[in-house]
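Working notes, beginning with the structure itself.
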Number of protein chains: 2
Amino acid sequence: MADLTRATADTPPGRATIVDVARAAQVSRQTVSNALNRPDKVAAPTLERVLREIDRLGFTPHITAQQLRRRKAAAYGFEVNPSGHGRLGHILDEFLVQLTVAAPAHGSHLMTFAPDPEDVIEGYRQTLATGLVDGFVLADTRHGDPRPQWLLDHHVPFVAFGRVWDLPELRQWVDVDGGAGVREAVAHLVAAGYDRIGFLGWPAGSPVGDDRRHGWLAGLADAGRTASGQLEAEESVQDLDQATAAAERLLRRLGPGSAVVCASDMLALGAVRAVRNTGLALGADIGVVGFDDTDVADALSVTSIRQPIAEAARTAWQMLTSPESPRPVLLAPALTVRSSTTRTPTSSATRPRDTPITEEQP
Amino acid sequence: MADLTRATADTPPGRATIVDVARAAQVSRQTVSNALNRPDKVAAPTLERVLREIDRLGFTPHITAQQLRRRKAAAYGFEVNPSGHGRLGHILDEFLVQLTVAAPAHGSHLMTFAPDPEDVIEGYRQTLATGLVDGFVLADTRHGDPRPQWLLDHHVPFVAFGRVWDLPELRQWVDVDGGAGVREAVAHLVAAGYDRIGFLGWPAGSPVGDDRRHGWLAGLADAGRTASGQLEAEESVQDLDQATAAAERLLRRLGPGSAVVCASDMLALGAVRAVRNTGLALGADIGVVGFDDTDVADALSVTSIRQPIAEAARTAWQMLTSPESPRPVLLAPALTVRSSTTRTPTSSATRPRDTPITEEQP
DNA sequence: GATGCGCGTTTGAACGTTCCAACAAATGGG
DNA sequence: CCCATTTGTTGGAACGTTCAAACGCGCATC
């Protein structure tokens with residue numbers, strides 16, 4: 001169907017193949033192949049001649065034929081799970097994009113596939129059996145997830161984004177150290193001059209949520225403070241109103257001049273609403289930090305903890321394609337600082353920075 | 001690397017091929033191939049025997065070999081553009097997921113690729129020249145987009161999600177009728193008993209934004225109202241504060257008992273803040289409708305216009321894989337109704353529905 | 001001057017499948 | 001009852017590439 005080359009006297013119509021190049025450069029198939037794959041094995045003048053013809057004919061190797069002969073797809077599968085409201089969500093969305101961006105650097109491609117709703121494994125088995133992919137990038141590893149063990153059992157290369165909690169001996173995963181991110185956020189808040197620092201999280205029990213909570217405690221310890229006297233709200237993000245109410249209770253106890261670190265940007269939205277409901281100023285009176293640096297944080301001008309997704313993607317490829325046995329990697333997130341954690345308000349860009357602001361202090 | 005079958009007496013180690021099946025069923029290669037591709041050409045008893053062996057050996061055709069021989073990849077490319085904050089965004093995120101879900105129904109696969117930052121076309125040229133894909137699914141078609149014309153020139157199959165504004169004669173696109181969605185939202189608000197209905201949009205000039213604005217005007221006309229006396233705020237979503245301020249002006253003019261339709265959920269967030277700032281009750285006093293049904297709308301309990309992305313994805317596949325010349329398709333979005341457009345407040349689940357609420361009316 | 005070696009190049013075969021033409025057996029019409 | 005047609009099955013070839021082995025050649029070695 002697609003025609004990429006113009007047909008002339010010495011270029012047959014359709015896409016140019018390796019034999020077309022060979023004929024034009026007056027060498028054999030194999031020499032053209034060598035020119036591309038092991039240039040050191042080809043004499044300099046020959047190499048130059050072949051490369052010139054490759055360029056002239058616009059030859060690009062047919063990956064499908066390579067895949068067949070090399071018995072290697074140079075492609076990896078990525079399961080997109082339509083369960084989460086039919087979307088990947090902010091983090092996996094970005095992860096997929098960054099995986100795709102980083103793929104060429106490893107001579108690979110990414111192929112998406114949807115899971116079989118009946119059987120978690122079936123989609124993996126099929127995708128692999130067709131020879132379309134060499135392995136998989138796992139995301140969203142859950143407790144009791146059967147996939148890592150199955151992949152191990154069948155010697156299928158894979159890497160996980162997210163700790164594989166069930167298999168502590170497994171080494172092929174990248175994750176983001178959420179706890180370290182929260183810890184850093186606490187340090188930032190202390191340095192910014194907030195007196196008391198609370199935490200708005202999810203109900204205990206989820207590994208991710210608990211990790212972030214521990215980061216908060218560690219941050220307090222770093223600053224020589226303890227959690228006693230502090231208050232921790234535990235509500236589900238599902239209901240924004242609950243989060244808002246929890247944040248209001250938190251603010252009543254901590255008072256102006258304090259700050260709240262939240263386990264998600266959606267919780268941070270609740271905190272911001274609570275700040276407004278309480279009649280306080282965001283940033284000047286109360287600091288708020290979110291998690292994941294979503295559109296919401298950006299729109300609300302809320303400081304947020306940003307996961308280094310691009311680096312996670314690059315690390316994942318490294319583990320997948322480098323031959324030696326990998327080491328688990330924990331990446332540190334970074335803080336995107338916005339006006340929600342600035343005690344001298346700069347939210348209005350029209351107001352000059354050096355204008356002294358009288359703010360009510362406790 | 002991967003070993004999917006156990007090696008026994010009559011099954012050689014490694015993946016089973018078509019010849020293994022042929023040997024086991026005592027037929028030729030070709031008959032096995034026919035059994036899978038043109039079962040009607042195979043005698044019933046033979047067919048049964050072959051299928052039994054296929055099942056027993058766990059044979060799955062090697063797609064790579066099929067691709068080579070059939071000269072067809074049965075895969076399509078999808079460009080993920082890392083420019084938008086490194087993410088696809090809510091809509092394209094869902095579109096990608098739904099494309100992947102619908103792919104098997106068309107015997108196809110989806111392959112992601114990142115654009116060459118230097119040259120918009122280069123990524124397409126390369127991906128196609130390698131034979132990895134037969135064509136492309138375009139998204140995010142912009143004004144002055146060189147891709148559709150290039151693809152047409154080179155006879156490359158493709159379909160666009162989003163109208164191709166530059167090429168009115170082009171027929172291969174699916175889009176969502178945003179205007180119709182807004183129009184329906186206006187009808188919903190009228191039926192719900194809101195007196196005056198405003199619109200909070202983006203500055204005029206973007207096709208998408210203007211389309212939604214026209215939907216608002218059409219909805220007013222349907223209800224026998226005109227935009228005179230109504231007020232339309234035009235601000236950029238970039239700055240939530242501007243949106244909030246614009247919404248406050250809007251509410252001052254429209255007064256309680258009115259409603260605001262927004263061109264995005266982020267604008268709706270501004271509207272919701274304006275409602276709170278004005279001391280009014282969301283839903284009971286002021287109706288708010290967003291667009292795209294994102295997490296934010298869900299969290300804020302805001303009625304939102306939901307794009308039928310899954311259907312768009314199915315339509316895209318249809319256009320791509322069905323032989324006959326396609327017709328452009330405009331899909332109608334649907335309203336996800338939440339408490340932000342309910343005049344008898346049900347936002348707090350604990351408060352019984354039948355409790356009469358005294359609300360101040362103008 | 002025969003021997004061995006390394007370099008650059010070529011040739012045959014293979015990856016796993018389907019297209020194509022040929023074939024044998026069964027079926028039908030005159 | 002023979003020939004033409006249909007039905008079912010088969011083997012050779014091809015898709016475009018790389019692997020593995022072989023080859024010819026110049027050069028140093030003895």
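As the structure is a computational prediction, the values presented were derived from the model and not from experiment. Naming: A, B, ... by sequence-line order, numbering from 1 per chain. What's counted below: heavy atoms across the whole structure, side chains too, no hydrogens, waters or symmetry copies.
- Scanning atom types as modelled, no donor and acceptor separated by under 3.5 angstrom connect the side chain of Arg70(B) and the base of dT17(C).
- If you check distances only, the side chain of Arg69(A) does reach the base of dT18(D) with a donor-acceptor pair under 3.5 Å.
- Among dG16(D), dT18(D), dT10(C), the nucleotide with an atom closest to any side-chain atom of Asn34(A) is dT10(C).
- One atom, CG of Leu132(A), and another, P of dC15(C), lie 19 Å apart when rounded to the nearest Å.
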Stepwise side-chain contact (heavy atoms from CB on, under 4.5 Å) test for Asp166(A) and His143(A) = CA-CA 6 Å; Asp166(A) 296 341; His143(A) 251 120; 3.1 Å; yes
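- The nearest whole Å value for the distance from the CZ atom in Arg71(B) to the P atom in dC20(C) is 12 Å.
- Between His62(B) atom NE2 and dT18(C) atom C1' the separation is 15 Å, expressed in whole Å.
- Nucleic acid contact class of Thr31(A) (heavy atoms, under 4.0 Å, all strands): base.
- Protein atom CZ of Arg15(A) is 13 Å distant from nucleotide atom C1' of dT17(D), rounded to whole Å.
- Side-chain atoms of Ile18(B) lie closest to dT18(C) of the nucleotides dT18(D), dT18(C), dT10(D).
- Rounded to whole Å, the distance from CD on Gln30(A) to C1' on dG24(D) is 17 Å.
- Between Val19(A) and Val27(B), the residue whose closest nucleotide on DNA chain D is further toward the 5' end is Val27(B).
- Here the C1' atom of nucleotide dT17(D) and the CD1 atom of Ile54(A) are 13 Å apart, to the nearest Å.
- Side chain of Ala65(B), nearest nucleotide from dT17(C), dC15(D), dG8(D): dT17(C).
- Atom CD of Gln67(A) and atom C1' of dC15(C) are 12 Å apart (whole Å).
- Taking the nucleotide of DNA chain C with the nearest heavy atom to each of Asp40(A) and Arg29(A), the more 5' of the two is matched to Asp40(A).
- With rounding to whole Å, Arg49(B) atom CZ is found 11 Å from dT9(D) atom C1'.
- The aromatic rings of Phe78(B) and Phe95(B) lie tilted to each other, with the angle between the two planes from 30° to 60°.
- For Tyr124(A) and Phe113(A), the ring centers sit closer than 6.0 Å to each other.
- Note on Thr46(A): every side-chain N or O is 4.0 Å or more away from OP1 and OP2 of dG8(C).
- Proximity of Ser28(B) to the phosphate of dT9(D): no side-chain N or O atom is located under 4.0 Å from OP1 or OP2.
- Ring planes of Tyr76(A) and Trp317(A): perpendicular class, angle over 60° (limits at 30 and 60°).
- Within 6.0 Å of CD on Gln26(A) lie no more than 12 heavy atoms contributed by other residues, nucleotides or ligands.
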